[in-house]
Amino acid sequence: MPQPPLIDVSALVHANGSAAGRAAAAQQIDAAARRWGFFYAAGHGVDERLIAEVVRLARAFFAQDIVQKMSIPMSAGGSAWRGYFPAGGELTSGRPDWKEGLYLGSELPADHPRVRGGVILHGPNLWPAIAGFRETVLAYIDALKALGHALMRGCALGLGLPESYFEEHGTRDPLLLLRFFNYPTRAVPQDVPAEWGVGEHTDYGLLTMLWQDTVGGLQVRNDDGWFDAPPVPGTFVCNIGDMLDRMTGGRYRSVPHRVTINTSGRDRLSIPLFFDPDFDTLIAPVPGAGPGQDDSGRRWDGANLQSFQGTYGDYVTAKVGRVFPQLRDGVKGRAPG
């Protein structure tokens, strides 16, 4: 069965990567971004020992009882949208997902201007009382940030742009959001109208880098229908977000994906990191991009992404308020549009 391609990105990751190697990886990313909107990144350079420790800590967190996990609820994270939510507590397209999660991100101090201003998605994390959790997770965020910059260099080269294009247009200080998701294998309760682990959706920003365990369940839709994106050891599953689709006039595609209800007999763990533009980045077409055609007919939400105008903050604020409606009214930053 077809599945997104596997790409060796090591030449983009390492400073001494050859020009030919970078060009080859960029060409493959370009082809995958146009055809699939997804690819597997091999040769990513992230220390496997660090990954293993993050996975261990994530499993330790979810193994706690609900009282311990709810000691750091998302309601305590305020406009930073950090903390834990129980299974069924997050919505996709208005319906609950059958997963539980811990929301984390770049660590910002309380006196940071955006934290003082209550700008959503900016602030301190809520850390569980597990030894080494904070230090290890922050090291992992830094490692995935470096990988994100490398992959965006590949995207720039694939588009015929200077390698530094995206860093100079919104990602010098990217918005980084890390999620720990646990998909319980227990049956969905009758009072939770969940049909999917995660319902059909697209990601909001530029690039998502996902670690997933061996259980599987991720599915991707392209023009030919739905396909599995099974786990491939030693890789991250990467996908294009809405803003990169918009910036390239639809050349790079932000495609729908979903996760099936977990019936494997053991819990499924996934850890995505979202590498997104700075909140105040004005989203504009890259050089050489066409105006983009109305794409509402192929979009899961029926929206014309190519008509969006504004900053990334404008876009993401309108989106996240629908995911956790119980927190929306408490946001002090920009109101959802």
Side-chain angles (χ1 to χ4, degrees), residues 1-10 13 25 28-29 31-33 35-63 87 90 92 97-102 104 136-137 140-141 143-144 147-148 150-151 177-186 196-203 207-222 224-241 254-275:
M1 178 178 291
Q3 67 184 52
L6 187 148
I7 302 172
D8 182 350
V9 301
S10 57
V13 168
Q28 293 177 65
I29 290 173
R35 167 76 171 85
W36 282 94
F38 270 76
F39 61 92
Y40 293 89
H44 50 69
V46 180
D47 190 332
E48 293 291 345
R49 293 168 299 181
L50 175 60
I51 296 172
E53 183 62 7
V54 168
V55 169
R56 184 191 71 80
L57 291 168
R59 294 196 190 282
F61 173 78
F62 288 120
E90 183 175 65
T92 300
D97 296 325
W98 191 233
K99 68 178 189 300
E100 60 180 331
L102 177 62
L104 301 156
T136 303
V137 168
Y140 183 80
I141 291 174
L144 270 290
L147 176 59
L151 295 176
L177 304 172
L178 179 66
R179 308 294 186 236
F180 289 174
F181 290 139
N182 186 60
Y183 296 81
T185 193
R186 68 183 185 274
W196 297 95
V198 178
E200 179 179 354
H201 68 286
T202 56
D203 294 345
L207 183 72
T208 304
M209 294 164 282
L210 169 72
W211 180 92
Q212 58 176 336
D213 70 11
T214 58
V215 171
L218 175 63
Q219 297 181 333
V220 178
R221 181 164 66 84
N222 66 9
D224 298 319
W226 286 97
F227 296 92
D228 291 334
V232 175
T235 71
F236 289 98
V237 187
C238 302
N239 66 274
I240 304 304
S254 175
V255 301
H257 46 287
R258 66 192 182 191
V259 177
T260 59
I261 294 286
N262 180 16
T263 59
S264 68
R266 57 193 176 95
D267 286 1
R268 173 183 185 263
L269 180 67
S270 74
I271 305 175
L273 184 134
F274 302 92
F275 185 96

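This structure is a prediction, so every number in the text was calculated from the model and none was measured. The figures that follow rest on heavy atoms only: side chains count, while hydrogens, waters and symmetry mates do not.
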Min side-chain heavy-atom separation F275-L144 under 4.5 Å: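 F275 does not reach L144 side chain to side chain.
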
Note, F181 side chain near E90 side chain (heavy atom, < 4.5 Å):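 A side-chain contact under 4.5 Å exists here.
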
Got a donor-acceptor contact below 3.5 angstrom from the [X] side chain to the [Y] backbone?
X	Y	value
D267	T185	yes
Q212	A229	yes
H257	E200	no
W98	N262	no
D97	K99	no

Option passing side-chain contact (heavy atoms from CB on, under 4.5 Å) with V255 (candidates V220, T202, I240, N239):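 By the side-chain contact (heavy atoms from CB on, under 4.5 Å) criterion, V255 pairs with just one of V220, T202, I240, N239: V220.
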
Results of ring-ring contact (aromatic ring centres under 6.0 Å, His included) for [X] - residues two or more places apart only:
X	result
F62	none
Y140	none
H44	F236
W36	F227

For [X], give me all partners under side-chain hydrogen bond (donor to acceptor under 3.5 Å, both in side chains), at least two apart in sequence or on another chain.
X	answer
T208	D203
N222	none
R49	D47
T136	none

Could I get the full list of salt bridge (charged side-chain N to carboxylate O under 4.0 Å, His left out) partners for [X], not counting sequence neighbours?
X	value
R35	D224
R258	none
D213	R59

Distance-only polar pair, side chains of T260 and R268, donor-acceptor under 3.5 Å: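 No donor-acceptor contact under 3.5 Å links the two side chains.
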
Sequence-distant partners of A42, side-chain contact (heavy atoms from CB on, under 4.5 Å), two or more places apart: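 side-chain contact (heavy atoms from CB on, under 4.5 Å) list for A42, sorted by chain: L6, T235.
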
Stepwise side chain to side chain contact (heavy atoms under 4.5 Å, CB included) check, I271 with L178: CA-CA 7 Å; I271 305 175; L178 179 66; 3.7 Å; yes

